[in-house]
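Down below is the structure, laid out as structure tokens.
Residue numbers begin at 1 in each chain, while the letters A, B, ... track the order of the sequences.
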Number of protein chains: 2
Amino acid sequence: MKEEAQSRPYLGVTERRRQLLDAAVEVMVEEGAGALSLRSVAQRAGVAHRLVNYAFGSKAALVAALLDRESERLAARVWAEPLPAETLEVAVAAALGSFLAEVRSDPRRFERLAELTALARASDALVDAARAESAAYRLMIAERLELWCAQRGVRLASLQVVISAIHAAADGLAEWWLTTRDDAQVEEVIGVLAGGFGGVRVMQ
Amino acid sequence: MKEEAQSRPYLGVTERRRQLLDAAVEVMVEEGAGALSLRSVAQRAGVAHRLVNYAFGSKAALVAALLDRESERLAARVWAEPLPAETLEVAVAAALGSFLAEVRSDPRRFERLAELTALARASDALVDAARAESAAYRLMIAERLELWCAQRGVRLASLQVVISAIHAAADGLAEWWLTTRDDAQVEEVIGVLAGGFGGVRVMQ
DNA sequence: GTCTATAGGTCGATAGAC
DNA sequence: GTCTATCGACCTATAGAC
């Protein structure tokens, strides 16, 4: 395994793929998912565009690999810390908070990944990759939730529903923040999503 | 104003734009937002691709017009009925319910529109159109909420936060349902989003 | 590196509308 | 006749595949 940047020491396919995916991420973050092409990725990596096709077989395969790796990475970072062993409401609020913190730490990357996912969903060749992504997402939520249950020594009457609700809340929260970038309201919005609209102060 | 379909009776620009936008919607729904091109739209409408460019000035202008018209139409239908004058929690649950009903009535169209919005957000030429769309969305929520307040004779301590939370919940709900198509859980997930995670049944 | 397909944009000419 | 909508052809850039 060599680390030199500019030389081209006949990397193995695996390494080469890794390097090209890194380049693809850079292109995507800086110029948008629409700018992804064999050529733009190759240029970024400093190789002949032919090589990208060789390494992945097709553009669709490149995008599928990119989607897979990036969504997994993101999910791993986002849900890395277990839910605090408090009430479900508090635990969910904490999870939403750390999720949004992750989004805010690199909004561009998250936004572009969402764009790529939307792209993939509309493509016959990539729709499976998109499905796999969201399935993995739900699985990761499920694991955290089961851990929380174990810590508290309880069971949830409808685990699947809670997973779905967390999924929806997290996704909507990210979408809301990305479109408004309203930092001032973050805490309160999370509070309403986790605690429900019944707790909102209403004045006569 | 002629109504014949196949002849080309020299439509005015306004009519022509309308017709072309209809064709663009068909292309988008059937083949995805990525398939939108001057040529695909023109072919669908049965005119020379040159004409699309002529009518809109550029592809970006076409997409902006499409985004504008479609998102406005959708929002108008979704938030047509006022919130029921009950507690906020019940009102929000009802709103989420009718919102999702709308999504479920034509999932493809909603999905494609979301795709187009994601596309637009990554494009310098279209980012303003995307912003305008979400601003209009929030405005429509605000109007319904103010009506609800007036009906109940109350005020909300933090109107903006509630708007944001509804925005996030609705968006996340749609996203969740579109990826899972899980009809069986819809009611319960809406219940959790509107009522909060504090109300979820936890068993020892 | 080359081939081919596609896409956005433009030019000149034509044909309907007034 | 003039104006505008319309068309077919063409140019150039780009992108995927081999």
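Using a 4.0 Å heavy-atom cutoff across all strands shown, B:Ser58 reaches sugar-phosphate atoms only and no base atom.
With hydrogens and angles left out, the side-chain atoms of A:Ser164 and A:Arg138 include a donor and acceptor closer than 3.5 Å.
Donor-acceptor pairing under 3.5 Å, judged by distance alone, is present between the side chain of B:His49 and the base of C:dG9. With hydrogens and angles ignored, a donor-acceptor pair under 3.5 angstrom links the side chain of A:Arg39 to the base of D:dG16.
Along DNA chain D, the nucleotide nearest B:Val13 and the nucleotide nearest A:Leu36 are compared for position; the residue whose nucleotide lies closer to the 5' end is B:Val13.
Each of B:Glu72, B:Glu70, B:Glu102 was checked for a salt bridge (charged side-chain N to carboxylate O under 4.0 Å, His left out) with B:Arg77, and the lone residue meeting it is B:Glu102.
Taking atom CD of A:Glu31 as the reference point, atom C1' of D:dA15 lies 15 Å away to the nearest angstrom. B:Tyr10 has its OH atom 14 Å from the C1' atom of D:dT2, to the nearest Å. Atom C1' of nucleotide D:dA17 and atom CG of A:Leu38 are separated by 8 Å, given to the nearest angstrom. One can place CZ of B:Arg50 at 12 Å from P of D:dA5, the figure rounded to the nearest angstrom. If you measure from atom CZ of B:Arg16 to atom P of C:dA17, you get 12 Å, rounded to the nearest angstrom. Between the P atom of D:dG16 and the CG atom of A:Leu20 lies a distance of 14 Å, rounded to the nearest Å. For the pair A:Leu62 CG and D:dA17 P, the interatomic distance rounds to 10 Å; values are reported in whole Å. One interatomic measurement links the two molecules: CD of B:Gln43 to P of D:dC7, which rounds to 13 Å at whole-angstrom precision.
Listed pair A:Asn53 / D:dA17 meets the phosphate criterion, a side-chain N or O lying under 4.0 Å from OP1 or OP2.
Under a 3.5 Å cut-off, the side chain of B:Ser123 and the backbone N or O of B:Ala125 do form a donor-acceptor pair.
Take A:Leu21 and apply the side chain to side chain contact (heavy atoms under 4.5 Å, CB included) test, not counting sequence neighbours, and it matches A:Phe56, A:Leu62, A:Ala65, A:Leu66, A:Arg69.
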